[in-house]
J.: 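Shown below is the structure under consideration.
Every value quoted in this text rests on a predicted model; they were computed, and no experiment measured them. Basis for what follows: all heavy atoms, side chains included, without hydrogens, waters or symmetry-related copies.
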Amino acid sequence: GELQIADLLRPLQPDEPPVAEGLFALTTNLKGQGRNGLDLALGSLGDIALSGRQGVFRGLAGRGKTASKAAKVVGALTFSRQLRAIGRLLDDLDELPFSRMSVSLLRDSPRQLRLEDISLIAPRLRLAGRGSVTAQPGLALALSPMEASLDLAARGDMAILFDGMGLLEEGADGQGFRAMNRSLTIGGSLAEPDTSALWDALDEAAASASGSFGLGLRAINRKLKAGR
């Protein structure tokens, strides 16, 4: 059957929206014990596969201590009347609706959980990555330190924005996605990823695209508006 992933994530951080919502199928081959369903799945030896659909992913949000969005160039875009089209796209990253999301995990030692494959497909963005989580005594595994490498690809309006910022490789794949020209190192935890590397890259690219603050970005904004 399927489960609402938010019901498992919400108790970990009751004062924050869960990092993901949606219907997920959970497949396991495990041996172990845990304090709840999620802790059992993550805390046991074996492999786990999560496959979700029609949900929302908040793992890219610039929030909390990791948020550079509000403090630097990108943050100013949201409040600029001349750059509202760009600001709306960046706001979409805070709550990213996805059509499909999957995570494959392997725990072959008590201290280490390997993120074998992370995949998310949204209308304008695709994510793919892998990494690991290091278990900490007395801490739920979903809150333990994570290190992951994430590759992004964009299409549609998001590709127009990222391309204008000089962040995309040339050429699109068969689904119309263009790959980002750098991988991102993600920290934090499964329950609250630290995506400051993404926002730092956007801040740097926005500053480069702005010229005398805004000329390049206004050109991108006009292109976005013209496509609507």
J.: Any side-chain heavy atom of Leu167 within less than 4.5 Å of one from Leu202?
T.: yes
J.: So which atom in Leu12 and which in Ala142 form the shortest heavy-atom distance, rounded to 0.1 Å?
T.: CD1-CB, 3.5 Å
J.: Return the minimal non-hydrogen interatomic distance between Ala61 and Trp199, and the atom names on each side.
T.: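 Where Ala61 meets Trp199 most closely, the heavy atoms are C-NE1, 3.7 Å.
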J.: Using the side-chain hydrogen bond (donor to acceptor under 3.5 Å, both in side chains) criterion, which residues pair with Arg155? Sequence neighbours excluded.
T.: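 Expected list: none.
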J.: Restricting to side-chain hydrogen bond (donor to acceptor under 3.5 Å, both in side chains), what partner residues turn up for Asp117, sequence neighbours left out?
T.: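 Result, side-chain hydrogen bond (donor to acceptor under 3.5 Å, both in side chains) vs Asp117: none returned.
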J.: Determine all donor-acceptor pairs shorter than 3.5 Å in which one atom belongs to a side chain in residues 130-141; sequence neighbours excluded.
T.:
| residue | atom | partner | partner atom | Å |
| --- | --- | --- | --- | --- |
| Arg130 | NH1 | Glu116 | O | 3.1 |
| Ser132 | OG | Gln112 | NE2 | 3.4 |

J.: Is any side-chain heavy atom of Leu93 closer than 4.5 Å to a side-chain heavy atom of Met158?
T.: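 Yes, side chains in contact.
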J.: Which atoms form the tightest heavy-atom contact between Phe177 and Ala153, and what is the distance?
T.: CD2-O, 3.7 Å
J.: Which value, rounded to the nearest 0.5 Å, describes the distance between Leu113 atom CG and Ile48 atom CD1?
T.: 6.0 Å
J.: Show me the pairs that pass side chain to side chain donor-acceptor pair (under 3.5 Å) and involve residues 181-190, at least two apart or across chains.
T.: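 Checked against side chain to side chain donor-acceptor pair (under 3.5 Å) - neighbours excluded - the pairs reaching residues 181-190 are Asp151-Ser183.
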J.: Is there a side-chain contact between Leu184 and Leu152 in this structure, where contact means two heavy atoms from C-beta onward sitting under 4.5 Å apart?
T.: yes
J.: Can you list every salt bridge (Lys or Arg N to Asp or Glu O under 4.0 Å) pair that touches residues 165-177, not counting sequence neighbours?
T.: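 Residue pairs with at least one partner in residues 165-177: Arg126-Asp173.
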J.: Rounded to the nearest 0.5 Å, what separates atom CG in Asp157 from atom CZ in Arg124?
T.: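 Taking CG in Asp157 and CZ in Arg124, the distance rounds to 5.5 Å.
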J.: Listed by chain and number, what are the side chain to side chain contact (heavy atoms under 4.5 Å, CB included) partners of Ala6, not counting sequence neighbours?
T.: Arg10, Pro18, Glu21
J.: Identify every side-chain donor-acceptor pair in residues 95-103 under 3.5 Å, counting partners at least two apart or on other chains, and give the distances.
T.:
| residue | atom | partner | partner atom | Å |
| --- | --- | --- | --- | --- |
| Glu95 | OE2 | Arg58 | NE | 3.2 |
| Ser99 | OG | Ile121 | O | 3.2 |

J.: So, taking the atom named CG in Leu150 and the one named CE in Met180, what distance separates them when rounded to the nearest 0.5 Å?
T.: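 It is 9.5 Å, given to the nearest 0.5 Å.
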J.: Rounded to the nearest 0.5 Å, what separation is found between the CG atom of Leu143 and the CG atom of Leu190?
T.: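 Here the rounded value is 9.0 Å.
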J.: Ala159: what forms a side chain to side chain contact (heavy atoms under 4.5 Å, CB included) with it, not counting sequence neighbours?
T.: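 Ala159 satisfies side chain to side chain contact (heavy atoms under 4.5 Å, CB included) with Ala154, Leu168 once adjacent residues are dropped.
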J.: Of all the heavy-atom pairs spanning Thr195 and Leu60, show the shortest one and how long it is.
T.: OG1-O, 3.4 Å
J.: What's the verdict on side-chain contact (heavy atoms from CB on, under 4.5 Å) for Arg178 and Asp163, showing C-alpha distance, side-chain angles and the deciding distance?
T.: CA-CA 9 Å; Arg178 291 178 59 189; Asp163 184 49; 3.1 Å; yes
J.: Within a strict 4.5 Å, meaning less than it, do heavy atoms of the Leu3 and Leu8 side chains meet?
T.: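 Counting from C-beta outward, Leu3 and Leu8 do come under 4.5 Å.
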J.: Are the side chains of Phe57 and Asp94 in contact, using a 4.5 Å heavy-atom criterion?
T.: no
J.: Assigning hydrophobic clusters by single linkage (Ile, Leu, Val, Met, Phe, Trp, Tyr; side-chain heavy-atom cutoff under 4.5 Å), is Leu26 placed with Leu9?
T.: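 Looking at the clustering, Leu9 is in the same group as Leu26.
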J.: Looking at every heavy atom in both Ala191 and Pro193, which two are closest together, and how far apart are they?
T.: C-CD, 3.9 Å
J.: Is any side-chain heavy atom of Gln4 closer than 4.5 Å to a side-chain heavy atom of Leu23?
T.: yes
J.: What's the spacing between Leu125 CG and Leu120 CG if we round to 0.5 Å?
T.: 7.5 Å
